[in-house]
Chemist: 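Structure below; questions to follow.
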Amino acid sequence: MDNQTASKKWFENARLGMFIHWGLYSILGRGEWVMRRDGIPAIEYASLAKKWDPLPFAPELWCRAAAESGMKYVVLTTLHHDGFALFDSKADSFNSLNTPAQRDYVAEFVAACRKYNLGIGFYYSLIDWRYSLSDKDESQWGAAMKALAYEQIRELMTNYGKIDVLWYDGACAPGIPPEMENRIAVFWESEKLNAAVRSLQPHILINDRSGTLQDFKTLEGVNIIRPPINSELWEACLTLTDDDFSYWGHCKSSLCRRTSAQTIRMMLHTIEYAGNFLVNISPGADGVIPFWQMEILGELGNWVHENAEAVYEIERTEIARENPQSHQGNSCGFFTRHKKTLFFYLYEWPGTETKIPYLREKIATVRFLKTGQSLNFSQTSGGALTISGMPEYSPDKYCTVLKMTTA
Ligand code: GLC
């Protein structure tokens, strides 16, 4: 298997990841867009660096929480739109070494990921508000912003050993006419940039936010999960606040929190389409993950550990869909498969009996995944499968999985 194929296989089976938005904005606690939304001048914003002094063990905390909740990789904002680097950047002094903390959080994060056997993802924002919100003419600041990004990406790809994922964000194309085709790729010279990245990190997987598709597509902040068209690999990222416009970075109030049930349901629909699920956490300036987010991670992790077989190495299946327009499975559940094993996720509970109107293969056994207890079933020659003798109420608070084998 070549580098790329092996990495893609790893990503597919990893299925679950943790996204971490953490930076100077975490001090203010009004989300990662606070500099822009509250109109804070760059100089005033930069003085937050004097207050940056988190607890020393933050990356260890995040990675332990990620591993315990069944996540296989973590993506950290090494630098967000504000331009503040969480790493020792020789290219720009606006970084976490020049703060009271004097620490390279990217180095600590990488070490913690390795300790917990987690894939390592670097988020890097191409746009930098220190340039884009200045009064200067676009054609002037564009070149300086691009030169800095090239150099910092080179630093990130050189100084921390093997990196699994490069997660670009915030692409813009200053000075390029809006009507020009592929303007983002033109401005960033994305092919050149990504070729340089790959020459330093031959195994790396790159997302779709540098103006060209690269290795995987990203969905963002959607409440209805549907796989992107023509995409082999994809990932849905979401915040734990239940609002498409909500914050990824720390928000002191977080008035609109998702529940564990909602989060697990979003994960289930991602699994249905064999995508990856990247759950965002927003640690406070001290580095600590808010308790309400830890509770959700705990519930999600328990479910994942108990149903691991139906989470990681599964594939999409059309086995229970009559035609491309019809629903897959039935009113209470959907299917995925792994070789000759089928998984049926009952995300609502039908009661003592459930009928799946279309199933293209003959079923040999039906069991509860969690307990192994077998269930009675009958199948018509047309394929309809009826499972009976189930309890009246759902055995699992979030979703009960049945495991079937095909004949
Ligand atoms: C957006 C936002 C950003 C967030 C990201 C996550 O592009 O600008 O704040 O980091 O999406 O997908």
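In listed order, ligands and their atoms are each counted from 1.
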Chemist: Please state which protein non-hydrogen atom is closest to atom 5 (C) of ligand 1 and give its distance, to 0.1 Å?
Modeler: Asp169 OD2, 3.2 Å
Chemist: Considering only protein heavy atoms, which is closest to atom 8 (O) of ligand 1, and at what distance to one decimal place?
Modeler: His81 NE2, 2.8 Å
Chemist: Could you pull out the closest heavy-atom pair between Ile363 and Gln379, with the gap in Å?
Modeler: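 For Ile363 and Gln379, the tightest heavy-atom pair comes out as N-OE1, 2.9 Å.
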Chemist: Mind checking whether Cys237 contacts ligand 1 via backbone (N, CA, C, O), side chain (CB onward), both or neither, at a 4.0 Å heavy-atom cut-off?
Modeler: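 Contact part for Cys237 vs ligand 1: side chain (C-beta onward).
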Chemist: Report the nearest protein non-hydrogen atom to atom 2 (C) of ligand 1: residue, atom name, distance rounded to 0.1 Å.
Modeler: Trp33 NE1, 3.6 Å
Chemist: May I ask you to check whether Glu235 and Trp167 show a side-chain donor-acceptor distance below 3.5 Å?
Modeler: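 The criterion, which ignores hydrogens and geometry beyond distance, is satisfied for Trp167 and Glu235.
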Chemist: Distance under 4.0 Å to a non-hydrogen atom of Tyr123: what atoms of ligand 1 satisfy this?
Modeler: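 Those atoms are 10 (O).
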Chemist: What protein heavy atom sits nearest atom 4 (C) of ligand 1, and how far off is it?
Modeler: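 It is His21 NE2, 3.4 Å.
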Chemist: Provide the number and element of each atom of ligand 1 under 4.0 Å from a heavy atom of Arg209.
Modeler: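 Selected atoms, number and element: 7 (O), 11 (O), 12 (O).
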Chemist: Charged N to carboxylate O below 4.0 Å: is that the case for Lys370 and Glu309?
Modeler: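 A salt bridge is absent here (no side-chain N lies under 4.0 Å from a carboxylate O).
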Chemist: Give a yes or no answer on whether the side chain of Tyr25 reaches the backbone of Trp22 with a donor-acceptor pair at less than 3.5 Å.
Modeler: yes
Chemist: Can you tell me how far apart SG (Cys63) and CZ (Arg114) are? Round to the nearest 0.5 Å.
Modeler: 11.0 Å
Chemist: Counting heavy atoms only, which part of Glu235 comes closer than 4.0 Å to ligand 1: side chain, backbone, both or neither?
Modeler: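 The answer is neither.
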Chemist: Answer with yes or no after comparing the ring centroid distance for His21 and Tyr123 against a 6.0 Å cut-off, counting only values under it.
Modeler: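 Under 6.0 Å, so yes.
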Chemist: For ligand 1, which part of Trp167 has a heavy atom less than 4.0 Å away: the side chain, the backbone, both, or neither?
Modeler: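 Answer for Trp167: side chain.
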Chemist: Does at least one non-hydrogen atom of Tyr247 fall below 4.0 angstrom from an atom of ligand 1?
Modeler: no
Chemist: Tell me, which protein residue and heavy-atom name are nearest atom 12 (O) of ligand 1, and how many Å apart are they?
Modeler: Glu220 OE1, 2.8 Å
Chemist: Could you tell me whether Arg257 and Glu295 make a salt bridge, using a distance below 4.0 angstrom between a side-chain N and a carboxylate O?
Modeler: no
Chemist: Identify whether the distance between the nearest side-chain nitrogen and carboxylate oxygen of Arg337 and Glu315 falls below 4.0 Å.
Modeler: no
Chemist: Please check whether His80 reaches ligand 1 - meaning an N/O of the residue sits under 3.5 Å from an N/O of the ligand, judged on distance alone.
Modeler: yes
Chemist: At their closest point, which heavy atom of Lys146 faces which heavy atom of Trp188, and how far apart are they?
Modeler: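 Shortest heavy-atom contact: CA-CZ3, 3.6 Å.
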Chemist: Give the residue, atom name and distance (to 0.1 Å) of the protein heavy atom nearest atom 9 (O) of ligand 1.
Modeler: Glu32 OE2, 2.5 Å
